[in-house]
J.: 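Got a structure here, written out as structure tokens. Questions coming.
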There are 2 protein chains.
Amino acid sequence: MLTSTSYIVLGLVDWIGEATPYELKQRIAETVGNFWSVPHSQLYAEPARLTASGHLSERRERGGRRRRLFSLTDHGREALSAWRSQPADDPLPELRDPGLLRLFFGADPQAIARTRLHAHQEKLRSYEERLARDSGAPPRGPWLALEAGIGHEREWVRFWAQLAAPTSDPIAG
Amino acid sequence: MLTSTSYIVLGLVDWIGEATPYELKQRIAETVGNFWSVPHSQLYAEPARLTASGHLSERRERGGRRRRLFSLTDHGREALSAWRSQPADDPLPELRDPGLLRLFFGADPQAIARTRLHAHQEKLRSYEERLARDSGAPPRGPWLALEAGIGHEREWVRFWAQLAAPTSDPIAG
DNA sequence: GGGGCCATAGTCCGAAACATACCATATGCT
DNA sequence: AGCATATGGTATGTTTCGGACTATGGCCCC
């Protein structure tokens, strides 16, 4: 059975055309890794599995490092396309924020909020920068994902800012 | 070394006083599990580890099912309190939304958006209901976590709604 | 009072995932 | 030539994860 990691690999190979695990690693780092990271060791293990199951085909560089180059088979292309057009009835994602966990179990809100706030502001800034850089360029998918990321970072900033600055109490004014 | 799962267990045992794994499972389901779930098999394995490391102590029910009852040791209480007051310099959480992944790799936004939208609306509704039920009751931690959850669910609803209804295009009006 | 059923309660296990350390090759600089 | 750095890949020991499986107790109904 294919996992999300499988589809990340299939999707990227489709995107790049023919790729080595190392290239996948680099692409992920600057794109999808922002909302779904994959440890690099998986990027060697997963293509091997996908080759065994007939979703990818493998070719070996002739000289040099003799790197493995993977590309989609018809079977792989079908699987990817079926996945794309499947209803997204997956379970909803969890927040899984360690800071929130501490908060839940009684940590001091202000203390947590201050460090978290900075980190999220930074992240938000980097996303907005990227949005400004490559706004409008197709395809639309990565752009929409970035929009989603920005929305959630804004929400985190709002949330932590409100806890970091207790003066903004809606009752006290 | 203690993991997030460890602290969830320690935190809940602190909260409940003395608990069996099964009770932990139930508490998690209705509280912290909303943003950080733990597979139930871990709730048998983790207390055993924590007992070995001296953070919990174990007692056996006398008759009946002879269930294991765990409670905090002083060592465990100290670890929990140290964790609570530690700066939250953990890595930021990832969205890891399967729907977003499909979107990223070219799925039809409207198709994905419609199913996701419903699911998030439902979730949001259930959170708001809970907020109305036990608003104000201390402790504050769970309540703040619920607030965070509501914020992010609202954000998801906003995001998917905008994709589900293409008429709200800001350019076309 | 005994049989069946449901909720409770717990164990077990193989397959992945993970972090991380290690190894190897190329490239360019001094 | 020697060395640092980035590139590229492998190997591996632990955890985690799901999910299948087992068992126990309480309760209702006949």
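For clarity, every value in this text was computed on a predicted model and none was experimentally measured.
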J.: What is the distance, rounded to the nearest whole Å, between atom OH of A:Tyr7 and atom P of C:dA16?
T.: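 Nearest whole value for this atom pair: 14 Å.
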J.: Go through D:dT16, D:dT10, C:dA9 for me and flag the one nearest to the B:Gln42 side chain.
T.: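 Nearest nucleotide to the side chain: D:dT16.
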J.: D:dG18 P sits how many Å from A:Met1 CE, rounded?
T.: 12 Å
J.: Can you tell me which nucleotide in D:dT16, C:dA21, C:dA17 comes closest to the side chain of A:His40?
T.: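 That would be C:dA21.
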J.: At less than 4.0 Å, is any side-chain N or O atom of B:Arg68 found next to OP1 or OP2 of C:dT11? Yes or no.
T.: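 For B:Arg68, the contact criterion (side-chain N or O under 4.0 Å from OP1 or OP2 of C:dT11) is met.
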J.: Where each residue is assigned the nucleotide of DNA chain C containing its nearest heavy atom, which of A:Arg49 and B:Arg60 is assigned the position nearer the 5′ end?
T.: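 Result of the comparison: B:Arg60.
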J.: If you check every side-chain atom of A:Arg67, which of D:dG8, C:dA21, D:dA20 has the closest atom?
T.: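 For A:Arg67, the side-chain atoms sit closest to D:dG8.
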J.: Checking all strands, does B:Ser41 fall into the base, sugar-phosphate, or nothing category for heavy-atom contacts under 4.0 angstrom?
T.: base
J.: In this structure, how many angstroms lie between the P atom of D:dT5 and the OH atom of A:Tyr22, rounded?
T.: 15 Å
J.: In whole Å, I'd like the distance from the CG atom of A:Leu2 to the P atom of C:dA17.
T.: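 Answer to the nearest Å: 11 Å.
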J.: Which is it for B:His75 and B:Thr73 under the side-chain hydrogen bond (donor to acceptor under 3.5 Å, both in side chains) test, yes or no, and what are the steps along the way?
T.: CA-CA 5 Å; B:His75 184 206; B:Thr73 62; 5.1 Å; no
J.: Is any side-chain heavy atom of A:Asp108 closer than 4.5 Å to a side-chain heavy atom of B:Ser85?
T.: no
J.: Rounded to the nearest Å, what distance is computed from the NZ atom of residue A:Lys25 to the C1' atom of nucleotide D:dT7?
T.: 8 Å
J.: Decide, yes or no, whether a salt bridge links B:Glu58 with B:Arg68 under the criterion of side-chain N to carboxylate O below 4.0 Å.
T.: yes
J.: Take atom CZ of B:Arg27 and atom C1' of C:dA9, then tell me their distance rounded to the nearest Å.
T.: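 After rounding, the reported distance stands at 17 Å.
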J.: Among D:dG9, C:dG10, C:dC18, which nucleotide sits nearest the side chain of A:Pro39?
T.: C:dC18
J.: Between A:Ala88 and B:Arg116, what is the shortest heavy-atom contact and its length?
T.: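 Heavy-atom minimum between the residues: O-NE, 3.2 Å.
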J.: Specify the separation, in whole Å, of atom CD of B:Glu23 and atom P of C:dT8.
T.: 12 Å
J.: Taking only the side-chain nitrogens and oxygens of B:Tyr44, find out if one of them lies under 4.0 Å from OP1 or OP2 of C:dT11.
T.: no
J.: In whole angstrom, give the distance that lies between atom CD1 of A:Ile8 and atom C1' of C:dA16.
T.: 15 Å
J.: Between A:His152 and B:Trp156, does the ring centroid distance fall short of 6.0 Å?
T.: yes
